[in-house]
Amino acid sequence: MSANAAAFDPFGEDYQADPPASLRWSRDEEPVFYSPSLGYWVVTRYDDVKAVFRDNVTFSPSIALEKITPVSEEATATLAKYGYAMNRTLVNEDEPEHMPRRRVLMEPFTPEQLAHHEPMVRRLVREYVDRFVDAGKADLVDELLWEVPLTVALHFLGVPEEDMATLRKYSIAHTVNTWGRPSPEQQVEVAENVGRFWQYAGTVLDKLRKDPSGHGWMPYSIRAQREHPDVITDSYLHSMMMAGIVAAHETTANAAANAIKLLLENREVWEEICADPGLIPGAVEECLRHSGSVAAWRRLVTRDTTIGGVPVPRGAKLLIVNSSANRDERHFDDPDEVDIRRDNATDHLTFGYGSHQCLGRNLARMELQVFLEELTRRLPHLELVPGQKFSYVPNTSFRGPEHLWVHWDPAANPERKDPSILAARQPVRIGEPSKRTVTHTVTVLSAERAADDVVELTLAAADGKPLPKWSPGAHIDLELGDVSRQYSLCGDPADRTTYRIAVLKDPDSRGGSRYVHENLRPGSTLTLRGPRNHFRLDPAARHYIFVAGGIGITPIIAMADRVKAAGGSYELHYCGRRTTAMALLDRCRRDHGDRLHLHCSTAGTRLDVAALLAEPAEGTQIYACGPDRLLTALEDASAHWPGDALHVEHFTTTQRVLDPSVEHAFDVELADSGRTVRVAADQTVLAALRAAGVDVPSDCEEGLCGTCEAPVLGGEVDHRDVVLTKSERAAGTKMMTCCSRARGGRITLGL
Ligand code: HEM
Ligand code: FES
């Protein structure tokens, strides 16, 4: 055992102050180790933590709620006095009992059902903010973040209003009882409260049983018990009545306090979301990743096995430190930075993963969004009171500051000048965030004619800050009047101050290009999303053939620039009707002179695609962008090339509306979450997964970007995306869930 492993103490100052930082040594040197002081094996790397979550049979969740500090005899006697019999709920239930119960109880967590709770959440947050908005100083935990999630939890569970106050009082005792290290005297006091909480939960349950017709998860569960008495037992209901409050309350209250603290400590990020509330869903997810409220979770090893190559014996107890996994640089770039546009933030493990993944995560996300939205709108000038020391309830798992003091100048509250901001509201996004919501405001620096009917725009961030990084092949989405259009970036990726795009006027345009040509002038402001790249350059090719048709030159020129700068071998074929209509031609001539081949149909130099691709060349990659006619010709002419040689960027998707008279319904089996989801004939796999509460990030939802990819473990896929290469399709190990379907009646996905 290493000295570090011997010294590890989850109740020590380092872990309590910052669990992921205190375990950096472990991620780097000893990612799975035995801690003698705790009697647990500790797992700290992303891949290992996820693998443990994924396999809930080898790694049983039965000890998830076990008391981490052995209970004194006196405390045990105290609990017995109250008939305390906390038993398995969901989170600590093994298979085969767990999944049938989870399935029967899921309905109230679907996005449609959760949407009904949004007005209640918003009303509560507003009422609480009203109470202190003019005070100039507040402890956000005491005055907002602690009580609102508790009240939301009680509403969600369907607890009668008159019982809320009593249940509120007891709920805190449970955390210390389960995850903390109370002294023997504290143990008895805690046990008294836990015992009373248990009894009161029973009383409320009896009341609900008499009339289970109301809204809420507990009445729903009582009704479900009638149909499934073996699955929903009395012991489950009583235990869940108590555990459900804790599951929904403290996790969310702590997550909110962590998030607001983190954002105020990173002032520029706070200000960005004040200016653009569209960034809030992404900020919520990044805060959950960076400073989540569940720092570690537990599992019991049920057979001799290995984790990350380290043998771990049957019977071993595991502390799986998901907060450490969330800061693992092997999975997240610059993991200690707060990047609210991070494209894989949703991969965090704060909600666990697999068949036990947090059922309430979308309720929690909703609450966090509403907190941030109301505070950034009403108190954008909020600041942390400097010099305060943050304290945490000592425990291994639940994490959030006990107090969060903030101050501001009430005279500067925006609502005093403009009461209309009170009515404003950003629609809450139920579910994981979409990259579609991340926006930037840019100003047009110049708009110059680049060819017949082509205007070249230079855009700069309105706040003067560097624009996000991009790589050749990337595009941005511009909001143009009522429509959103995609344009490839054609400038220099090293220049972080400006973006350049070239826009062809489409004679049939009803929005988009016409808007650009008619309305945009230097000084105009625009909203953009992205950049995103669905058309990445493989840096390892021996030779590149670039083919651009018309305005398709925009991504291609950025690629050619990159290959030239890297000293690579390439040729650039640029096709157009006549040279005056070919944008960026001067630049092509200047920068790519001897590599450039011009193909003008009016000059009789049309590209002979078949001749160009006659001989397959080992290590050559073809990148093409242009009209469908050109891309189809390239696809046909390269049929005898290796499967991955041709990469094309479509201007438009080939997606059509799903026609249920042509499509068939099928089942998707989810290997990691142990469920089967039915996909209707007029539904995408992505939509069916979402409706079943399974997180799958998405972006274009048109088969263009690759964000919604899922691993395929069995069954044949009917691929309909334009992302996968021929050989990837043939391998059949992944699919785009937003558009591709099963060929037969069933497919199995690694989700
Ligand atoms: C399970 C975290 C909010 C209900 C879990 C698990 C974690 C977690 C780590 C165990 C996952 C696993 O074993 O793979 C969180 C966090 C929250 C939050 C960080 C807030 C930010 C909520 C809310 C509710 C809720 C608001 C309820 C309304 C549940 C339930 C389970 C669970 C029922 C058990 C699911 C099962 O085992 O099948 N949560 N939770 N959680 N959570 Fe949450
Ligand atoms: Fe873009 Fe599916 S979301 S390919």
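All of these numbers come straight from a predicted model, not from anything done at the bench. In each ligand, atom 1 is the first atom listed, and ligand 1 is the first ligand listed. We're numbering straight along the sequence, starting at 1.
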When you compare the side chains of [X] and [Y], does any donor N or O come within less than 3.5 Å of an acceptor on the partner?
X	Y	answer
R299	S60	no
E402	Y392	no
H98	H356	yes
S291	N258	no
Y353	D672	yes
T350	N326	yes

Compare [options] and give the one whose heavy atom is closest to [atom].
atom	options	answer
atom 35 (C) of ligand 1	R102, R361, M106	R102
atom 33 (C) of ligand 1	R365, R88, R399, M240	M240
atom 28 (C) of ligand 1	S355, A248, G674	A248
atom 32 (C) of ligand 1	C358, S397, A364	C358

**Item:** Atoms in ligand 2 with a heavy atom of G703 nearer than 4.0 Å
**Value:** 4 (S)
**Request:** Take atom 2 (Fe) of ligand 2 as the vertex and measure to SG of C738 and SG of C708; round to 10°.
**Result:** 100°
Which heavy atom of the protein is the closest neighbour of [atom], given with residue, atom name and distance?
atom	result
atom 13 (O) of ligand 1	R299 NH2, 2.9 Å
atom 9 (C) of ligand 1	T350 O, 3.4 Å
atom 34 (C) of ligand 1	V91 CB, 3.7 Å
atom 3 (C) of ligand 1	T251 OG1, 3.3 Å
atom 4 (S) of ligand 2	G706 N, 3.3 Å
atom 31 (C) of ligand 1	L359 N, 4.0 Å
atom 10 (C) of ligand 1	W297 NE1, 3.6 Å
atom 37 (O) of ligand 1	H356 ND1, 2.7 Å
atom 24 (C) of ligand 1	G360 CA, 3.4 Å

**Request:** Test the R741-F666 pair against the cation-pi criterion, namely NZ or CZ under 6.0 angstrom from the six-membered ring centroid and within 45° of the ring axis.
**Result:** no
**Request:** Measure the CD-CG distance between E367 and N362 for me, rounded to the nearest 0.5 Å.
**Result:** 11.5 Å
**Heteroatom distance test (H98, ligand 1): nitrogen or oxygen, under 3.5 angstrom** = yes
**Whether P61 lies under 4.0 Å from ligand 1, heavy atom** = no
**Message:** Tell me whether G292 reaches ligand 1 (any heavy atom closer than 4.0 angstrom to a ligand atom).
**Reply:** no
**Prompt:** How does F53 reach ligand 1, if at all, at less than 4.0 Å between non-hydrogen atoms: by side chain, backbone, both, or neither?
**Reply:** side chain
**Region of E367 that comes within reach of ligand 1 [heavy atoms, distance under 4.0 Å]** = neither
**Of H290, R342, H348, the residue whose pairing with E285 passes side-chain contact (heavy atoms from CB on, under 4.5 Å)** = H348
**Request:** With the side chain counted from C-beta on, respond yes when R102 and L359 share a heavy-atom pair under 4.5 Å apart, and no when they do not.
**Result:** yes
**Request:** Check the angle between the aromatic planes of W217 and F156 and answer parallel, tilted or perpendicular using the 30° and 60° thresholds.
**Result:** tilted
**Message:** Does H215 have more than 12 heavy atoms from other residues, nucleotides or ligands lying within 6.0 Å of its NE2?
**Reply:** no
**Item:** Numbering as shown, the atoms of ligand 1 that approach A255 to under 4.0 Å (heavy-atom distance)
**Value:** 21 (C)
